[in-house]
Amino acid sequence: MANANNSEQVKPLAPAEYHLRSDYEDQAMSGGKLTLQHRRRCLQCFGCVTALLLVAVVIIIVIATVFHVKNPSIRMNSVTIQRLEFLNNGSVRSSGDENVTLLADFSVKNPNYNSFKYGNTTTSVYYGGVVVGEGHIPEGLAKARRTLRMNVTVDLNPEKFLTVPSFLRSDILSRSLNMSSYTRIDGKIKLLKILKKSVVLKMNCSIIYNISSQAVQQECRGQGL
């Protein structure tokens with residue numbers, strides 16, 4: 001029995017293993033945490049910079065669009081002359097108390113994102129260098145990116161035609177009058193209700209009036225300054 005007990009020797013338990021981390025390992029783990037935080041901060045900074053760049057680009061586009069002012073354009077649509085009649089001897093055919101008028105229909109196109117405000121406008125009609133009539137348009141407003149139709153009535157003075165030497169010499173014989181008109185529109189375009197840009201529109205027209213048929217031909221040229 002004793003031998004059996006001796007043969008059955010009790011094996012001692014294995015000693016518990018302990019792992020002591022070195023300073024190098026501690027620094028490596030803390031360094032990994034710092035690297036992760038650094039990456040997060042870099043990503044946040046990159047996101048902020050990207051957002052600021054996008055905002056700056058949007059602001060530049062808006063400024064370039066709003067503050068880039070294009071000159072409005074002016075165009076003559078039609079010209080009509082009413083009750084301007086002469087006899088073969090050059091005298092004026094009377095039409096009672098009715099006035100001799102020139103009706104001009106023209107358009108002002110405003111391509112800007114801001115309204116165009118203009119003052120009182122005058123249209124003058126010339127024959128042989130002599131002013132034979134004037135018409136006036138009150139101040140108004142051409143809305144942003146819209147086309148404004150304007151109509152002006154010019155009262156003509158037939159007696160002033162007789163003062164031009166070429167009238168009796170040639171024009172009354174050819175039954176054709178060569179006239180011209182000049183229109184000037186002064187206005188301003190507001191930018192964000194702070195800045196204003198002055199704009200001047202000019203239009204010159206050559207007008208041929210057939211005395212017999214009372215037909216009108218016009219050729220116009222507009223200019224924006």
Side-chain angles (χ1 to χ4, degrees), residues 48-82 84 99-157 160 177-209 215-225:
C48 293
V49 172
T50 303
L52 291 175
L53 288 176
L54 290 176
V55 171
V57 170
V58 171
I59 293 175
I60 292 174
I61 293 175
V62 171
I63 291 176
T65 302
V66 175
F67 285 89
H68 179 65
V69 178
K70 298 179 181 179
N71 288 328
S73 59
I74 183 171
R75 182 174 66 91
M76 181 68 74
N77 300 317
S78 64
V79 175
T80 305
I81 297 178
Q82 298 177 343
L84 180 58
N99 294 329
V100 178
T101 57
L102 180 147
L103 304 177
D105 175 22
F106 58 92
S107 301
V108 173
K109 182 178 180 181
N110 181 17
N112 299 286
Y113 288 91
N114 305 278
S115 59
F116 170 57
K117 185 177 181 180
Y118 57 90
N120 296 325
T121 302
T122 300
T123 296
S124 302
V125 178
Y126 299 86
Y127 171 68
V130 178
V131 177
V132 294
E134 286 186 344
H136 303 280
I137 300 176
E139 63 181 10
L141 184 72
K143 296 182 179 180
R145 301 184 67 82
R146 294 289 187 272
T147 299
L148 177 65
R149 294 287 293 268
M150 296 183 180
N151 293 288
V152 57
T153 300
V154 180
D155 291 328
L156 301 179
N157 187 349
K160 289 188 176 181
L177 299 180
N178 294 318
M179 295 179 286
S180 63
S181 67
Y182 174 74
T183 302
R184 178 188 172 106
I185 301 177
D186 294 89
K188 294 181 180 180
I189 296 178
K190 286 186 177 182
L191 305 176
L192 299 180
K193 298 182 180 180
I194 301 176
L195 304 176
K196 295 181 181 180
K197 179 183 178 181
S198 298
V199 176
V200 178
L201 300 180
K202 298 179 181 180
M203 182 172 60
N204 292 282
C205 295
S206 298
I207 302 171
I208 300 176
Y209 177 67
V216 179
Q217 296 179 352
Q218 80 274 355
E219 182 178 352
C220 302
R221 180 175 299 177
Q223 182 182 13
L225 301 176

Do any side-chain atoms of residues 147-157 form donor-acceptor pairs under 3.5 angstrom with protein atoms, and if so which ones, sequence neighbours left out?
residue, atom, partner, partner atom, Å
Arg149, NE, Asp105, OD1, 3.3
Arg149, NH2, Asp105, OD2, 2.4
Asn157, OD1, Glu159, N, 3.2

- Can you list the residues that meet the side-chain hydrogen bond (donor to acceptor under 3.5 Å, both in side chains) rule with Arg146, with sequence neighbours excluded?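 None.
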- Among all residues two or more places apart in sequence or in another chain, which pass the side-chain hydrogen bond (donor to acceptor under 3.5 Å, both in side chains) test with Arg75? Asn77
- Task: Just jot down the ring-ring contact (aromatic ring centres under 6.0 Å, His included) partners of Phe106, sequence neighbours excluded, or say none.
- Result: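 Per chain and number, Phe106 pairs via ring-ring contact (aromatic ring centres under 6.0 Å, His included) with no residue.
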- Are more than 12 heavy atoms from other residues, nucleotides or ligands located less than 6.0 Å from atom CD of Gln217? no
- With side-chain contact (heavy atoms from CB on, under 4.5 Å) as the test, would you mind laying out the steps for Met179 and Ile81 before giving the verdict? CA-CA 11 Å; Met179 295 179 286; Ile81 297 178; 3.3 Å; yes
Rounded distance [0.5 Å steps], [atom1] in [X] versus [atom2] in [Y]:
X      : Y      : atom1 : atom2 : result
Met203 : Ile185 : CE    : CD1   : 7.0 Å
Cys220 : Ile207 : SG    : CD1   : 6.5 Å
Leu102 : Ser181 : CG    : OG    : 7.0 Å

Quick one: does [X]'s side chain get under 4.5 Å of [Y]'s, heavy atoms only?
X      : Y      : result
Val108 : Ser73  : no
Tyr113 : Arg145 : yes
Tyr209 : Leu84  : yes

N/O donor to acceptor pairs below 3.5 angstrom from side-chain atoms of residues 115-123, sequence neighbours left out:
residue, atom, partner, partner atom, Å
Asn120, OD1, Glu139, N, 3.1
Thr121, OG1, Gly119, O, 3.2
Thr122, OG1, His136, ND1, 3.3
Thr123, OG1, Thr183, OG1, 2.9

- Looking at residues at least two apart in the chain, or sitting in another chain, which of them share a salt bridge (charged side-chain N to carboxylate O under 4.0 Å, His left out) with Arg184?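 Result, salt bridge (charged side-chain N to carboxylate O under 4.0 Å, His left out) vs Arg184: Asp186.
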- What closest approach, in Å, do Pro72 and Pro111 show between heavy atoms, and which atom pair accounts for it?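 Shortest heavy-atom separation between Pro72 and Pro111 comes out as CA-CD, 3.9 Å.
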- Note on the structure: Residues passing the side-chain contact (heavy atoms from CB on, under 4.5 Å) test with Thr80, sequence neighbours excluded, are Gln82, Leu103
- In chain order, what residues pass the side-chain contact (heavy atoms from CB on, under 4.5 Å) check against Lys196, with sequence neighbours excluded?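 For Lys196, the residues satisfying side-chain contact (heavy atoms from CB on, under 4.5 Å) (neighbours in sequence not counted) are Lys188, Lys190.
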- Task: Return yes if a side-chain donor-acceptor contact under 3.5 Å exists between Asn110 and Asn112, otherwise no.
- Result: yes
